[in-house]
There are 2 protein chains.
Amino acid sequence: MAVTLADVAARAGVSAATVSRVLSGNYPVAGATRSRVLRAVEELEYVVNGPASALAAATSDLVGVLVNDIADPFFGIMASAVQSEMEPEKAGRKLAVVCNTGGSPERELTYLTLLQRQRAAAVVLTGSAVEDEKHTAALAARLRRMAEAGTRIVLCGRPPLPEDAVAGRGDAPRSGKAGRDAGKDETEDGPAAPITVAFDNRGGARRLTEHLLALGHRRIGYVAGPVERTTTRHRLEGHRAALADHDPALLSDAEHLTVHGAYDRSSGYDGALELLRRAPDLTAVLAANDTVALGVCAALRDQGLRIPEDVSVAGFDDLPFSADAAPALTTVRIPLHEAGARAGRLALGRESAPPGGVATVRTELMARASTAPPRAD
Amino acid sequence: MAVTLADVAARAGVSAATVSRVLSGNYPVAGATRSRVLRAVEELEYVVNGPASALAAATSDLVGVLVNDIADPFFGIMASAVQSEMEPEKAGRKLAVVCNTGGSPERELTYLTLLQRQRAAAVVLTGSAVEDEKHTAALAARLRRMAEAGTRIVLCGRPPLPEDAVAGRGDAPRSGKAGRDAGKDETEDGPAAPITVAFDNRGGARRLTEHLLALGHRRIGYVAGPVERTTTRHRLEGHRAALADHDPALLSDAEHLTVHGAYDRSSGYDGALELLRRAPDLTAVLAANDTVALGVCAALRDQGLRIPEDVSVAGFDDLPFSADAAPALTTVRIPLHEAGARAGRLALGRESAPPGGVATVRTELMARASTAPPRAD
DNA sequence: CTGTTAGCGCCTTCAC
DNA sequence: GTGAAGGCGCTAACAG
């Protein structure tokens, strides 16, 4: 049916093995034969049969990138960065594919199964994780099994898996052939432990709240993300830590001034309305992220409130549109592209794992026009 | 190493063939054996070896979705919609993967090769195509070959391939094994022609310009997308058609009032500045899309111009943030989610092809606050 | 440096 | 309804 290796071999007057060697390039072949083979490949328009080669080699060139919401630039930027590291020029023949979990733990697991079935070379899990004991255990188990099968695991934008969830790994004693060509790549035996590129959400949220406090705000509403998500929790913790440090009394109100919702625009809109209802005197609103912040702004405007004269608003992430919002949004910048690129390199083993297997990416306060001192009334 | 079909078979006390039949589900198996097999699968945590099954069955469950810019919600929404049609509940075991071409024709081809190599079940190409004769020919050739190998091809958001580029298809005489299980699915022999879900960009642009003309605008700037892209051309054509219909004299200025740039925010910013330089008296600016429009708004504001009092601005696509911009953006809505979902169903063969293989999606004018009558000075 | 020989794990006719 | 057997296309030792 389709052109096969054998066809090419026949055309070039060599054996199939030689063609295979030329194509994979990791084996010495005479220049003359090589070009003869290449020409035959051209003429026949031969395309390797991925499944067959994956079966024989017991590895594939698929790299999975799991995202919570592909329509959200937060993930798009990271996914794009991961993929940029898999360019043919850089990493040849890798197929980085992004899978949209929609934030559902079940689908996360489903995609991992699909990827496991494909014997993926690596998997990058991006964005916040769901903090549910059962799910975490299932996730850890699946990742461990994939790692054991040689799949590299990288977490990007979520914390490392809890220690106890990954326990049980590495119980197979490593065979003793150590020191083999050390430095070029790590010893291949024993599954590589998951590597994490974490974001400093806590620190960022803390600095953002400190910024608001410094401006003089005391009644600060918080439209948080979905409960049970690591990112939601960390940002909230940073926020409250800043509050507590400044004046423990502020902390008692915090609960009342917090609402939860999805990471989308309408949650921001609804959340802001709810906060206004609970505390008409608030002077600032922090949002779970920039998209939510836009929704908050819309709600405030619809209520006849000016930003930042009447109420200050801040987001998180510093997505491209944030600087262009009217007014420009104060937010916390996460270097998503850099983080994604690094995750990509880590996934390919082109960059060595950070000490402890965890790299934390710094976040930076971007103070812009949407925050100002509160009205002096 | 890993658990295989044979292991499961042994555990369940049946043959490998039986396990295979249970798992693929398309063959009668006694209820008792079936559950025995299923239990063995559970206990052993068996996961099918994708490459092996793809090799044996000569088809895989990979579906590729090519996008020009994964960080752009325009594509994210479509990709998400395509993927939503591949949910395990709906289409079982399909792995929809999105590949980011970055708008580069070479990478588009590269990804198609990768997908071809994986014997992808289907490929969905989204967004504007590059109008370059050589590339179009190469693309058509590759798609034809993939189609011949049984891969379903769907175009979403771009026009059908030119007739002459797809010619040459179907010259291989069909093998005579017809009528096998007819009625369950279409005759599998003979490649399915590419199916297109096109957007009515021309009509949308036309209505948008008519809206501006009706408001009284005559000096209308246009920040267009990249040259050589189908979408860019179609929107521009719609715009100019409206101009010509209203007053042929307007057409002569059109060229001078058009600048080209990428589909991003900074192109909008720079483009608006350039237009202002060329025609300080313009009263409205149309943008290639909503993202570009935001850049235009930023530039105008920075020049001290109010929107829409001094200059009206309009975008295209109606991305979620457009309604929330300040002022809310007049734009043309494209039902991206619906289009993507349909493309997904088409890719799976769960929906039959539209007559002629081309479905055109309607676009709708969304007149909002960013457009108003021009100043009467 | 190149050819030969075995499988990789699964699906799919064929018999029973 | 179930088992046995061959082969999908390629890679990875081995020889030479």
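Keep in mind the model is a prediction, meaning the values are calculated, not measured. Order of the sequence lines sets the chain letters (A, B, ...), proteins ahead of strands, with each chain counted from 1.
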Can you give me every donor-acceptor pair (side chain of residues 114-127 of chain A, partner residue at least two apart or in another chain, under 3.5 Å) with its distance?
from, atom 1, to, atom 2, distance (Å)
A:Q116, OE1, A:R142, NE, 3.0
A:Q116, OE1, A:R142, NH2, 3.3
A:R117, NH1, B:D61, OD2, 3.3
A:Q118, NE2, B:D61, OD1, 3.0
A:R119, NH1, A:Q116, O, 3.0
A:T126, OG1, A:L66, O, 2.7

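For residues 35-52 of chain A, proximity to DNA chain D is found at A:Y46, A:N49, A:A52, defined as any non-hydrogen atom under 4.0 angstrom from a strand atom.
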Exercise for review: Verify side-chain hydrogen bond (donor to acceptor under 3.5 Å, both in side chains) between A:T113 and A:T110, making sure each step is shown before the conclusion.
Suggested key: CA-CA 5 Å; A:T113 305; A:T110 304; 6.0 Å; no
Exercise for review: List the steps and the verdict of side-chain hydrogen bond (donor to acceptor under 3.5 Å, both in side chains) for B:T18 and B:S15.
Suggested key: CA-CA 5 Å; B:T18 301; B:S15 76; 3.3 Å; yes
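Tested against B:M86, the residues B:R345, B:R350, B:K94 include a single side chain to side chain contact (heavy atoms under 4.5 Å, CB included) partner, B:K94.
Looking at heavy-atom distances under 4.0 Å, A:T33 makes contact with sugar-phosphate atoms alone, never a base. Contacts of A:L55 with the nucleic acid, taken as non-hydrogen atoms under 4.0 Å apart, include base atoms.
Of the candidate nucleotides C:dT12, D:dC8, C:dG7, C:dG7 has the atom lying nearest to any side-chain atom of A:A56. Residue A:T4 places its side chain closer to D:dG9 than to any other of D:dA4, D:dG9, C:dC11. The nucleotide whose nearest atom lies closest to any side-chain atom of B:A30 is, among D:dT2, C:dG3, D:dC10, D:dT2.
Legend: residues meeting salt bridge (charged side-chain N to carboxylate O under 4.0 Å, His left out) with B:R158, ordered by chain and number and at least two apart, are B:E108. Partners of B:E43 according to the salt bridge (charged side-chain N to carboxylate O under 4.0 Å, His left out) rule, which considers only residues two or more places apart in sequence or in another chain, are B:R11, B:R39.
The closest donor-acceptor contact from the side chain of A:R34 to the backbone of A:P28 lies at 3.5 Å or more, if one exists at all. In terms of modelled atom types and a separation under 3.5 Å, the side chain of B:T33 and the main chain of B:V29 share no donor-acceptor contact. With hydrogens and angles ignored, the 3.5 Å screen pairs no side-chain donor or acceptor of B:S20 with any backbone N or O of B:A16. At distances below 3.5 Å, at least one donor-acceptor pair connects side-chain atoms of B:T101 with backbone N or O atoms of B:V67. In terms of modelled atom types and a separation under 3.5 Å, the side chain of B:T151 and the main chain of B:A147 share no donor-acceptor contact.
If you take CG of B:L23 and C1' of C:dC10, they are 11 Å apart, rounded to a whole angstrom. For the pair A:L5 CG and D:dG9 P, the interatomic distance rounds to 10 Å; values are reported in whole Å. The separation between A:Q116 atom CD and C:dG9 atom C1' is 15 Å, rounded to whole Å. Straight-line distance from the CG atom of A:N26 to the P atom of D:dT11: 9 Å, rounded to whole Å.
Looking at which nucleotide of DNA chain D each of B:R119 and B:G13 is closest to, the 5′-most match is held by B:G13.
Contact check, B:S15 against D:dT2: no side-chain N or O comes under 4.0 Å of OP1 or OP2. Not one side-chain nitrogen or oxygen of B:T18 sits closer than 4.0 Å to the OP1 or OP2 atom of D:dT2.
In this structure, the helix from C:dC1-D:dG16 to C:dC16-D:dG1 shows an angle of 30° between the axis at its start and the axis at its end, each fitted on 5 base pairs and rounded to 10°.
Here the CG atom belonging to B:L112 is positioned 6.5 Å from the CG atom belonging to B:L109, to the nearest 0.5 angstrom.
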N/O-N/O pairs, protein side and nucleotides 14-16 of chain C side, under 3.5 Å:
none

